[in-house]
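Structure record follows, encoded as structure tokens.
Chain letters run A, B, ... following the sequence lines, proteins first and then strands; every chain starts at 1.
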Amino acid sequence: MKKLLVIGTMIISLSSIVFLTGSCSSQRELAAQKSGAQLWADNCLRCHNLPSPAAYNDVEWETIGLHMKERANMTTEQIEKIVSFIQTAN
Amino acid sequence: MKKIIIVLSISMLFFGNSITAQDSKTGKTQFMVRGYGHAGLDYLKTESGTSLSYVGSSFAPIFLFKQGDRFIFETELEFVLQKNQLEIGLEYANLGYIINKYVMVRAGKFLLPFGTFMERLHPAWINRLSTKPLGFGHDGIAPASGIGIELRGAAPIGGSTINYSVYSTNGPQLKIGDDEPDEVGMLNFDNYIDNNNNKAIGGRIGFLPFFNSSMEVGVSYYTGKVGDKGSEYEDVKASLWAFDFSYVKQVSPLKGILDIKAQYNLNNVSDAYYTVNNDARDTSAVYTFTNSSNAYYAQLTYRPLMVGNAFLKNLELIGRYSQLNTPEGSLWESDINEATIGLNYWITWRQVVKVNYSFINSRGGHDAEDASLQKSNAFFVHWAIGF
């Protein structure tokens with residue numbers, strides 16, 4: 001019963017967040033337009049210093065990208081843009 | 001066995017280098033070694049004396065195997081010298097597969113997203129201080145990893161981002177004093193073979209409300225039965241909560257980056273009667289207590305990254321307060337708090353020298369001789385590297 005209550009609370013919280021933020025279409029468009037460089041600066045810094053693009057080669061950045069998508073639980077679009085940016089910057 | 005693991009690890013390091021050298025002709029299989037290590041000097045002053053020792057040379061290689069664009073296998077080993085012996089741990093070893101852009105599945109031994117510290121912030125080159133907050137990590141009151149299966153993912157919602165994780169693991173085990181009588185009622189999170197048929201379930205929801213992802217708030221829950229199957233503790237259940245907060249922002253007036261992190265862990269185990277044997281006196285006693293523990297930390301970091309001086313911009317100031325409270329009336333009852341200040345110097349983006357000083361007040365604990373207040377101080381100089 002308690003488990004159901006907790007799962008229910010989580011679902012309601014999630015739904016509320018979706019309802020409150022989902023209607024903001026201009027914000028959604030802005031988010032979709034964010035560049036790889038912006039995402040790199042915004043997201044990597046949440047845990048550690050900004051990595052130097054020159055630290056690894058293009059192939060290695062793809063592996064690191066998948067690893068970081070998993071570890072930092074980022075969206076697929078965010079990680080694809082970040083890896084593309086780094087591959088052009090290194 | 002240790003020798004085999006060491007030889008295997010060294011072979012993999014060379015193998016990894018040989019693969020990455022062939023960048024011009026890459027296949028769908030990619031392999032690389034990352035990781036981190038640290039070394040340092042620790043000084044501890046307690047009411048009973050002082051100790052000064054070089055520590056560390058710890059080495060935590062991470063092996064990543066990527067096959068195609070959707071599959072990854074990752075594992076981390078940890079080599080640590082403790083009590084004149086080399087100890088090797090398997091921090092995690094899990095398979096991951098991207099099902100679609102909103103869902104990824106992981107299976108194996110994985111770092112649990114119970115809060116954020118142990119999953120994202122504990123590596124020596126990421127953790128801004130030389131130590132973990134009280135109650136976190138090995139012998140903490142919250143889980144670091146588990147064996148099981150997990151679904152996780154993230155999605156943009158308007159200008160915000162939400163991430164989630166739901167998982168099932170073998171779960172922790174209730175200590176009933178078989179090995180250490182003083183620890184009856186504690187949870188053993190390093191219980192990798194399930195001691196009952198009940199699977200623990202848990203999850204975390206993280207919400208990044210701002211467009212620039214500067215803030216994240218998260219709530220985690222983990223629950224399951226923890227007693228051995230067929231024992232009188234079979235129905236004893238644990239419920240754990242964690243609340244985490246992160247705010248990282250470049251603040252122009254301060255010419256630097258402000259980083260605030262916090263996490264609160266709450267751990268409840270249902271009531272049980274424990275029998276404690278005193279072998280020396282050949283007696284036993286039955287007792288119970290309200291089995292509730294909590295631990296938290298709050299950390300503030302400032303790095304003047306936007307000042308002109310090349311030396312100053314590599315400095316970082318840190319302050320952290322953490323506290324651990326374990327159940328009143330238990331044999332491991334304790335009330336410990338720690339305030340730590342630090343000054344770091346970043347040699348590169350992934351290499352840091354940390355100079356930290358801690359003020360620790362503790363009362364109780366299963367190693368303490370009595371429940372009086374003990375004051376101690378610690379000084380650390382650590383050099384950490386991520387690679």
Side-chain angles (χ1 to χ4, degrees), chain A residues 2-3 5-7 9-11 13-14 16-32 34 38-39 41-80, chain B residues 20 23 26 30-32 34 62 64-66 69-70 72 74 96 98 100-102 104 106 111 113 116 119-121 123 125-126 152-165 201 203 205-207 209 211-214 216 219 221 223 239 246 248 250 257 259 346 348-350 386:
Chain A
K2 239 181 177 178
K3 275 185 189 176
L5 202 66
V6 171
I7 291 167
T9 309
M10 283 183 163
I11 290 169
S13 310
L14 189 62
S16 306
I17 290 165
V18 170
F19 176 76
L20 287 170
T21 59
S23 58
C24 188
S25 59
S26 60
Q27 285 283 296
R28 192 164 48 237
E29 283 163 19
L30 277 173
K34 275 181 106 172
Q38 267 181 298
L39 290 165
D42 287 347
N43 287 283
C44 303
L45 208 55
R46 291 197 283 124
C47 295
H48 53 70
N49 292 327
L50 289 179
S52 164
Y56 303 101
N57 65 35
D58 287 0
V59 176
E60 289 171 334
W61 276 119
E62 284 177 12
T63 306
I64 293 168
L66 193 50
H67 174 59
M68 290 316 300
K69 173 184 163 44
E70 178 184 329
R71 180 59 58 88
N73 218 356
M74 294 162 69
T75 69
T76 304
E77 192 182 10
Q78 284 173 335
I79 209 72
E80 283 174 353
Chain B
T20 52
D23 293 337
T26 53
Q30 293 159 18
F31 167 66
M32 70 182 296
R34 294 193 67 197
I62 297 170
L64 304 173
F65 300 82
K66 177 174 172 285
D69 295 329
R70 290 171 178 256
I72 190 166
E74 53 178 22
I98 297 175
N100 60 43
K101 65 183 193 177
Y102 301 115
M104 180 173 194
R106 294 200 299 178
L111 293 176
T116 52
E119 188 189 32
R120 302 180 193 172
L121 307 172
W125 74 279
I126 296 177
R152 60 167 41 210
I157 301 169
S160 310
T161 306
I162 193 161
N163 59 59
Y164 72 91
S165 161
I201 61 162
I205 291 178
F207 180 52
F211 175 70
N212 60 9
S213 300
S214 58
E216 180 174 9
V219 57
Y221 182 66
T223 186
S239 300
S246 169
V248 183
Q250 187 171 304
I257 292 171
D259 183 338
W346 287 94
T348 67
W349 65 275
R350 53 186 169 174

Quiz item: At what distance, to the nearest 0.5 angstrom, does CD of B:Q30 lie from OG1 of A:T63?
Solution: 4.0 Å
Quiz prompt | A:R46 backbone acceptor or donor facing B:D259 side chain under 3.5 Å | solution = no
Practice problem: Heavy atoms only, distances under 4.5 angstrom: which of B:P123, B:P113, B:S246, B:G153 has the most pairs with chain A? Name it, please. | Solution: B:G153
Quiz item: What residue in A:D58, A:L45, A:N43 has the most heavy-atom pairs under 4.5 Å with chain B?
Solution: A:L45
Quiz item: Would you say the side chain of B:L64 lies within less than 4.5 Å of the side chain of A:L66, judging by non-hydrogen atoms?
Solution: no
Quiz item: Quick one: NZ on A:K69 to NZ on B:K101, what's the gap to the nearest 0.5 Å?
Solution: 10.5 Å
Practice problem: Heavy-atom distances under 4.5 Å only: say whether B:E74 touches chain A with side chain, backbone, both or neither. | Solution: side chain
Quiz item: Among A:R71, A:K34, A:Q78, which residue forms the greatest number of heavy-atom pairs with chain B at distances under 4.5 Å?
Solution: A:R71
Self-check item: Largest heavy-atom contact set with chain B, pairs under 4.5 Å, which of A:H48, A:E80, A:H67
Solution: A:H67
Quiz item: Is there a donor-acceptor contact under 3.5 Å from the side chain of B:K66 to the main chain of A:V59?
Solution: no
Self-check item: Which portion of B:E216 sits near chain A, non-hydrogen atoms under 4.5 angstrom
Solution: side chain
Quiz item: Which bit of B:S213 is near chain A, if near means a heavy-atom gap under 4.5 Å: side chain, backbone, both or neither?
Solution: both
Quiz item: By a 4.5 Å heavy-atom criterion (distance strictly below it), what part of A:L50 contacts chain B: side chain, backbone, both, or neither?
Solution: backbone
Self-check item: Separation of B:T116 OG1 from A:N73 CG (nearest 0.5 Å)
Solution: 12.0 Å
Self-check item: For chain B, the option from A:N49, A:T76, A:D42 that forms the most heavy-atom pairs under 4.5 Å
Solution: A:N49
Quiz item: So, the side chain of B:R152 versus the backbone of A:E70: is there a donor-acceptor pair under 3.5 Å, distance only?
Solution: yes
Quiz item: When rounded to the nearest 0.5 angstrom, what distance separates CD1 in B:I162 from OG1 in A:T75?
Solution: 13.0 Å
